[in-house]
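Everything below concerns the one structure shown next.
None of the values given here were measured: they were computed from a predicted structure. Residue numbers begin at 1 in each chain, while the letters A, B, ... track the order of the sequences.
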There are 2 protein chains.
Amino acid sequence: MTPRTNGIVFSVAQLRDHAYEHVASELKRLGMTDLAPSHGAILITLYREKALSLKELSIRINKKKSSTTELVDKLIRLGYVEKATSAEDQRVKLVGLTAKSLAHKKDFKVLSENVNGRVYKGFSIEEQQLFTDLLSRALKNY
Amino acid sequence: MTPRTNGIVFSVAQLRDHAYEHVASELKRLGMTDLAPSHGAILITLYREKALSLKELSIRINKKKSSTTELVDKLIRLGYVEKATSAEDQRVKLVGLTAKSLAHKKDFKVLSENVNGRVYKGFSIEEQQLFTDLLSRALKNY
DNA sequence: GCATCTTAGTTCGTCAACGAACCTTTTGCA
DNA sequence: TGCAAAAGGTTCGTTGACGAACTAAGATGC
């Protein structure tokens with residue numbers, strides 16, 4: 001009667017943890033030893049969308065604003081991004097890339113491919129599509 | 001050319017985070033305000049498998065052993081579990097349930113159903129099966 | 001024009017999680 | 001038999017993440 005398997009949520013969490021470990025090791029391999037997966041998420045987001053406010057960034061990376069402030073501050077300390085007050089609204093701080101992070105754009109592209117590719121290993125294109133569809137439907141339940 | 005969507009890993013992480021938030025709110029609702037999702041995972045594992053060593057427990061909940069020690073110690077402090085040295089191997093500490101946690105067994109059953117059920121909302125039985133299958137295949141890539 | 005409310009960000013205290021170093025007991029092996 | 005290696009746990013320092021309380025700037029209403 002008692003199922004030997006934990007629920008889906010547990011499996012989802014496990015997959016996330018393994019993937020994050022993979023991200024962390026890729027970051028280390030690239031020499032970015034003091035960056036965590038979340039820092040990478042910020043950079044990847046900025047590569048795609050240029051400068052963003054902390055508010056917008058926090059939504060993109062799915063983190064609370066206080067966490068985002070701290071993650072960005074670390075990236076600033078390490079020279080990967082910079083913060084500038086918006087001209088239109090003095091409350092808004094825009095986070096933008098630097099020469100240093102722009103130089104790593106390609107690295108992050110490869111990193112993304114490695115990390116996402118590993119999850120999909122052995123999946124046909126249709127299965128990949130199915131998986132993302134089911135995932136996005138599950139996400140809509142929140 | 002640049003996809004507007006982040007990769008699957010990001011979606012998986014997002015789903016995990018939302019589900020964990022749900023777990024946290026359910027724990028709060030049940031009056032267990034000082035328990036985190038991981039503490040719940042330990043209790044649920046023990047409900048299913050009786051007493052386990054810290055080693056075995058750490059594998060079941062997918063956490064490192066030092067983390068497991070700390071999570072269990074908190075559960076002991078709060079009276080939910082107890083630790084006893086194994087008779088056969090003095091190195092091994094067996095973690096077992098207490099009257100307090102046994103009294104909450106039903107609560108955790110409901111919690112699990114609520115949390116996992118939410119993910120599956122709008123899913124047919126076949127889709128649920130498909131999702132868990134794809135997920136377990138992805139997990140095997142690690 | 002001024003007070004109030006809302007919104008963007010920051011600060012701070014707390015906690016789960018980890019890795020590394022460590023202790024203890026058990027196992028392996030020469 | 002004895003000693004090195006392995007295995008189970010713990011300790012400790014560090015870090016990402018959070019919520020709550022706060023500041024400052026902008027919007028709203030009277």
Side-chain angles (χ1 to χ4, degrees), chain A residues 13-14 16-25 27-28 32-43 51-78 81-96, chain B residues 13-14 16-25 27-28 32-43 51-78 80-95:
Chain A
Q14 204 169 356
R16 184 213 91 126
D17 291 340
H18 288 156
Y20 268 41
E21 235 172 90
H22 188 194
V23 173
S25 82
L27 286 170
K28 192 163 291 178
M32 302 185 242
T33 51
D34 34 18
L35 294 193
S38 295
H39 298 119
I42 289 176
L43 294 177
L52 286 176
S53 70
L54 280 158
K55 172 82 196 276
E56 289 164 335
L57 240 190
S58 75
I59 294 169
R60 302 287 193 292
I61 66 169
N62 194 40
K63 293 276 173 292
K64 304 301 172 191
K65 55 180 185 170
S66 63
S67 311
T68 306
T69 293
E70 287 160 352
L71 290 165
V72 166
D73 284 351
K74 176 161 189 179
L75 286 171
I76 292 173
R77 238 179 296 129
L78 297 171
V81 302
E82 43 195 20
K83 228 176 343 187
T85 303
S86 160
E88 302 98 54
D89 186 337
Q90 303 273 107
R91 290 171 304 178
V92 174
K93 305 265 179 80
L94 294 169
V95 182
Chain B
Q14 203 168 359
R16 184 214 92 125
D17 291 340
H18 288 326
Y20 268 41
E21 233 173 274
H22 187 193
V23 173
S25 83
L27 285 170
K28 192 163 291 179
M32 303 185 242
T33 51
D34 33 18
L35 294 194
S38 295
H39 298 119
I42 289 177
L43 294 178
L52 286 175
S53 70
L54 279 158
K55 173 81 195 277
E56 289 164 335
L57 201 49
S58 77
I59 293 170
R60 302 287 192 292
I61 67 170
N62 193 39
K63 293 275 172 297
K64 304 303 174 192
K65 56 182 185 169
S66 63
S67 311
T68 306
T69 293
E70 286 159 353
L71 290 165
V72 166
D73 284 351
K74 176 161 189 179
L75 285 172
I76 291 173
R77 236 179 297 127
L78 297 171
Y80 289 98
V81 302
E82 44 195 20
K83 229 178 338 191
T85 303
S86 160
E88 302 98 54
D89 187 336
Q90 302 273 105
R91 291 173 304 179
V92 173
K93 303 266 180 79
L94 294 169
V95 182

Query - Min side-chain heavy-atom separation A:Leu57-A:Leu71 under 4.5 Å - result: no
Report summary line: B:His22 meets the ring pair (Phe, Tyr, Trp, His ring centres under 6.0 Å) criterion, sequence neighbours left out, with none
Query raised in the report: By side chain to side chain donor-acceptor pair (under 3.5 Å), which residues pair with A:Ser53, not counting sequence neighbours?
Result: A:Glu56
Query raised in the report: Any side-chain heavy-atom pair from B:His39 and B:Tyr80 closer than 4.5 angstrom?
Result: no
Requested in this report: Would you please name every residue forming a side chain to side chain donor-acceptor pair (under 3.5 Å) with B:Asp89, sequence neighbours left out?
Outcome: B:Arg91
Requested in this report: Within residues 85-96 of chain A, find the residues that approach DNA chain D with a heavy atom at under 4.0 Å, and present them sorted by residue number.
Outcome: A:Asp89, A:Gln90, A:Arg91
Query - Euclidean distance, atom CG of residue A:Asp34 to atom P of C:dG19 [Å, nearest integer] - result: 16 Å
**Report entry** Interatomic distance, A:Thr85 atom OG1 to A:Gln90 atom CD [nearest 0.5 angstrom]
**Finding:** 6.5 Å
Report task. Tell me, please, which residues at least two apart from B:His18 pass ring pair (Phe, Tyr, Trp, His ring centres under 6.0 Å). Result -> A:Tyr142
**Report entry** Rounded interatomic separation in angstrom, taking CD from A:Glu21 and C1' from C:dA17
**Finding:** 12 Å
Query - Any side-chain heavy-atom pair of A:Val95 and A:Ile76 under 4.5 Å - result: no
**Report entry** Sequence neighbours excluded - side-chain hydrogen bond (donor to acceptor under 3.5 Å, both in side chains) pairs with any residue from residues 66-76 of chain B
**Finding:** B:Asp73-B:Lys83
Report task. Please identify each residue that fulfils salt bridge (charged side-chain N to carboxylate O under 4.0 Å, His left out) with A:Lys55, with sequence neighbours left out. Result -> none
Query raised in the report: Nearest-Å distance, NZ (B:Lys63) to C1' (C:dC15)?
Result: 14 Å
Requested in this report: For A:Lys55 and C:dT10, give me the distance from atom NZ to atom C1', rounded to whole Å.
Outcome: 16 Å
Report task. State, yes or no, whether a side-chain contact exists between A:Asp17 and B:Lys63 at a heavy-atom distance under 4.5 Å. Result -> yes
Report task. Shoot me the first and last contacting nucleotide of DNA chain D against chain A, ordered 5' to 3', at under 4.0 angstrom to non-hydrogen atoms. Result -> D:dG16 to D:dG26
Requested in this report: Would you kindly give the CG-to-C1' distance between A:Asp17 and C:dG19, to the nearest whole Å?
Outcome: 16 Å
Query raised in the report: How long is the line joining NZ of B:Lys74 and P of C:dT14, in whole Å?
Result: 12 Å
Report summary line: So, with a heavy-atom separation below 4.0 Å from DNA chain C, the residues of residues 64-71 of chain B are B:Lys64, B:Ser66, B:Ser67, B:Glu70, B:Leu71
